[in-house]
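Report on the following structure.
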Amino acid sequence: MQQTFTKSERLCSKKVLGELFKKGSASGQPGLAQTFYLFPFRVLYLPQDPESPPGWPAIVITVPKRTFKRAVDRNLIRRRVREAYRLNKTSLAPNGTGPIKSSPASIAFLYTAKQIISFEEIEKGMKLALKKL
RNA sequence: AAUCCAGACCGGCUUAUCGCGUCCGAGCAAUCGGGCGAGGAAAGUCCGGGCAGCGAAGAGCACCCUACUUCCUAACGGGAAGGCGGACGGCUGGUGACGGCCGUUCGACAGCCAGUGUCACAGAAAACAAACCGCCGAAAGGUAAGGGUGAAAAGGUGGGGUAAGAGCCCACCGCCCGUGGGGCAACCAAUGGGGCAGGAUAAACCUUAGGGGCUGAAAGACCAAAUAAGCGUCGGACGUGCGGCUGCUCGUCGCCAGCGGCUCGCAAGGGCCAACACCGACGCGGGUAGGUCGAACGAGGUGGUUGGUGACAACCAUCCCAGAUAAAUGAUAGGCCAUCCGGUAACGGAGGACAGAACCCGGCUUACAGGUCUGGAUUGAGC
RNA sequence: AGCCCGAUAGUAUAAGGGUAGUACGACAGAUUUUGGUUCUGUUUGUGGAGGUUCGAAUCCUUCUCGGGCUA
C-alpha cells in the first residue's frame, strides 16, 4: 500500500501548469484537458502521453486568496487536501501494483468551497473524485 | 482576597501510527537509521543598519528627514537616566493674584523681540494702534477703572493716588536684563537692577543645528539551454547635441567613420541636400522561463562574573538552533492541562487567542483567548 | 518579496486651515387625458481612530480598504 507523496508527484513546472490551465478553458475536445465539478473541488486533468512509461500523476492544489484572506487558512486547507489525496491515491491503481495507463498525467484540484471544511468531508469528496478519474 | 494602574513574561503539553522538508551516516542500488524543523508578533513595511550593484561611486543648490539635555548603540525617528512643562488626586500657605510638598501619569518639548504670511464670525478695536457705550469735565479735551465680543484685547492682585483714571507710586506675583555660584549639560536655587519690553500660529513659509548619493535579493555572480542579429517610429553629427545614479547648474566620461550630389572660394577650406550604414531611445515580433551560489556562525543564543543609577558594555564557560523555492512544518486516534455549558456531586458534552518564515539583523506600530510574576493605589477579612 | 499611489452624496468630480459645492441620479410637487420633455423643491457625503490648532476634507501619526509597478 503506497502512501508516500514525493517531489515527483508535485506539479512544479510553470510550463505544464500553463498548458493545463490554458487547455482546460476549452474542455470537451479529445486530447485536451478534461474538467468536472465535484464538491468541494473543481478538477482539471491532462491524459498521459502514451509513449512514456506509466507513473504516478503530478498534482497541484489551489486555494483562492479571494475567499481566504489569511495565509494560515489557505495552508490548512491545502494540507488537508494533500493528505486526503495521499491516503486515497491507491484507488487510481486498482491492480495494486502501480498506476494504469488510463490514469491522468497531471491533475489540478481547485478548492471552490466558501468555508473551511473538516478533513472527513474533504476525504469523502476526494474519494469520489478519484473514483471518477 | 478582589478591583484598577504600570512593567516583564508564557502563549497548550504528551504517546502511537502514516506522511513532508533538510542535514549527517550506511549501502552498488532500492532503501534504512539518526538529528533538526515557524512567531512574539513570522504581520504592517513606519524607521535604522549589514550585504549587493550602479556615472570621478564628483561638487553645489533644490528636495527630504530629525529637534529639551547627556548617555547607550553598528545605526536609528529606538532605548536609558535627568531637566522642564501639563493633567489628576491628597496635604498645605496666602486677604488676593498666586504658590509649596508628595504621589500617579502624559508630553513631535529648538526658535514667532531675523524676516514674511494668516487670524473666518462676533466685536469699537485683532497688533502701526485706536476709542463704541461708559467715567470725568462748562467746554476744549482727558481716560483705559467698568460693559460686552472673541480662542486671543497691550501684565495680574491688594493698597495709595486722582476731576475721573492710569506702573502714576508702593508691596507681592509674573516678565526682562545682569552678576557670581552649583551641575558635563538641559537647568537650578540665590542676589542686584528695570515700571515693563508687549497676542496666537513654525504638524504656516522660514531660521538655526545635525543628517541623507540612488536602487533593492525579482539586488547581484556563474553554468546550461534557446532565440535573434528581424521590422516600425523618432532623434543624432564638435553642438544651445545625445546618453548616464530622481530634479536643476557646473564638472566629468562615452558616442559622433567614410562615400556621393549640388554649391561658395584662386587655394587652404567651408555650406547645403539625400540615401545607406552606424549609434541611441521607444514599440512590435520571436525565444527561454532550468540549475548552482548569494543563503543560514550571526552586531548569534543560554548561563555566570565584573563595571555602570540605568539603557548597556567587557570577560569566561557552553551550544549550533528552520532553510523551502508553484514553496516542508501535516493527518488520524488516545491521555493530560486550562476554558465554557448542564449537574449538589460523580460525570457527560463542547473545544484551543492572534496568526504561517522566504537575504539577515536592531527597533517601532498594530492584532491577541487565557494565564504567571513584580511594584503601587483603594476596599474588605483575619492574626 | 520589494516599491509606489489613492479614498469627498447612489455615480463622476471641485473646494487658499474659516458655513462642504456642481452635474447626473432618487423622491415629491406643478404643467399634461396619461407618459416623456420642461420647471420648482427636497434628500443623501469628507474610510476609522488619535493628535497639532481657537477652528481640520485640508497639516501630522496610525489602522482599514482599493489600485498599480518590478524577472
Side-chain angles (χ1 to χ4, degrees):
Chain A
M1 188 106 153
Q2 188 122 25
Q3 290 190 327
T4 55
F5 186 70
T6 54
K7 188 82 180 265
S8 63
E9 297 175 54
R10 294 172 205 178
L11 185 50
C12 301
S13 165
K14 281 187 183 180
K15 200 171 176 180
V16 177
L17 267 171
E19 210 174 311
L20 182 60
F21 282 99
K22 201 172 169 187
K23 291 183 178 171
S25 58
S27 65
Q29 290 137 319
L32 295 181
Q34 306 288 307
T35 181
F36 60 87
Y37 289 86
L38 186 77
F39 182 82
F41 305 113
R42 180 189 170 204
V43 183
L44 272 166
Y45 61 97
L46 273 174
Q48 261 188 81
D49 187 2
E51 307 294 314
S52 61
W56 288 103
I59 70 157
V60 63
I61 301 158
T62 309
V63 184
K65 197 173 188 177
R66 187 174 286 270
T67 37
F68 302 97
K69 298 274 186 201
R70 314 237 173 269
V72 179
D73 301 336
R74 292 198 299 275
N75 277 347
L76 179 66
I77 292 165
R78 178 165 48 81
R79 284 162 180 166
R80 278 180 178 167
V81 171
R82 193 189 58 207
E83 200 65 13
Y85 172 80
R86 182 179 70 80
L87 292 173
N88 295 288
K89 69 173 181 176
T90 44
S91 62
L92 285 172
N95 53 5
T97 53
I100 52 174
K101 273 267 189 198
S102 62
S103 63
S106 48
I107 317 170
F109 293 95
L110 313 182
Y111 189 83
T112 53
K114 293 284 180 276
Q115 315 87 21
I116 305 167
I117 59 176
S118 70
F119 177 76
E120 286 174 36
E121 285 187 67
I122 290 176
E123 194 174 30
K124 215 163 67 187
M126 178 59 74
K127 278 178 178 167
L128 288 170
L130 290 178
K131 200 180 252 178
K132 198 160 177 183
L133 285 168

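In what follows, chains are A, B, ... by sequence order, proteins preceding strands, each numbered from 1.
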Item checked: Whole angstrom value for the distance that separates P of B/rG356 from CZ of A/R79 ->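 Checked: the CZ to P distance equals 12 Å.
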
Notebook entry, point to check: Starting at the 5' end of RNA chain B, which residue's closest nucleotide do you reach first, A/F119 or A/D73?
Noted result: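 Its nearest nucleotide being more 5', the pick is A/F119.
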
Could you check [N] for me: syn (within 90° of 0) or anti?
N       : answer
B/rA129 : anti
B/rG55  : syn
B/rG304 : anti
C/rC60  : anti

Pair partner, [N] [Watson-Crick or wobble, under 3.5 Å]:
N       : result
B/rA81  : B/rU69
B/rA345 : none
B/rA1   : B/rU379
B/rG48  : B/rC361
B/rG137 : none
B/rG33  : B/rC24
B/rA317 : B/rU302
B/rG199 : B/rC119

Considering only heavy atoms from C-beta outward, does the side chain of [X] approach that of [Y] to under 4.5 Å?
X      : Y     : value
A/I107 : A/F41 : no
A/F109 : A/R82 : no
A/L110 : A/V43 : no

Next item on the list: Considering just the side-chain nitrogens and oxygens of A/R70, establish if one lies under 4.0 Å of OP1 or OP2 belonging to B/rA355.
Entry: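 Indeed, a polar side-chain atom of A/R70 lies that close.
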
Check: Closer than 4.0 Å, any side-chain N/O of A/R82 to the OP1 or OP2 of B/rU329?
Finding: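 For B/rU329, OP1/OP2 do have a side-chain N/O of A/R82 under 4.0 Å.
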
[atom1] atoms of [N] and [M], separation to the nearest Å:
N       : M       : atom1 : result
C/rG41  : C/rG67  : C1'   : 40 Å
B/rU215 : B/rG49  : P     : 14 Å
B/rA209 : B/rG183 : C1'   : 24 Å
B/rC245 : B/rA57  : P     : 14 Å
B/rC368 : B/rG48  : C1'   : 27 Å

Notebook entry, point to check: Do you know the tightest heavy-atom contact between A/A84 and A/E123?
Noted result: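 Minimum heavy-atom contact is CB-CA, 4.1 Å.
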
Item checked: Heavy-atom pair of closest approach, residues A/R80 and A/I117 ->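 Shortest heavy-atom contact: NH1-O, 3.0 Å.
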
[X], nearest nucleotide to its side chain (from [options]):
X     : options                  : answer
A/L87 : B/rA328, B/rG356, B/rC18 : B/rC18
A/L76 : B/rA38, B/rG19, B/rA331  : B/rA331
A/E83 : B/rG330, B/rA357, B/rA38 : B/rG330

Note to self: If the threshold is 4.0 Å, N to carboxylate O, is there a salt bridge linking A/K124 and A/E121?
What the structure shows: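 The answer is no: the pair does not qualify as a salt bridge.
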
Check: Passes side-chain contact (heavy atoms from CB on, under 4.5 Å), A/I59 versus A/K89? Steps please.
Finding: CA-CA 11 Å; A/I59 70 157; A/K89 69 173 181 176; over 6 Å; no

Notebook entry, point to check: Under a cut-off of 3.5 Å for both distances of each Watson-Crick or G-U pair, what dot-bracket string does RNA chain C give, using [ ] for crossing pairs and | for inter-strand pairs?
Noted result: (((((((..((((....[..)))).(((((.......)))))....(((((..]....)))))))))))).

Note to self: If you count heavy atoms of other groups shown closer than 6.0 angstrom to OH of A/Y37, is the number above 12?
What the structure shows: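 Result for OH/A/Y37: open.
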
Check: Which pairs, with at least one residue in residues 63-89 of chain A and sequence neighbours excluded, count as a ring-ring contact (aromatic ring centres under 6.0 Å, His included)?
Finding: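 Residue pairs with at least one partner in residues 63-89 of chain A: A/F68-A/Y111.
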
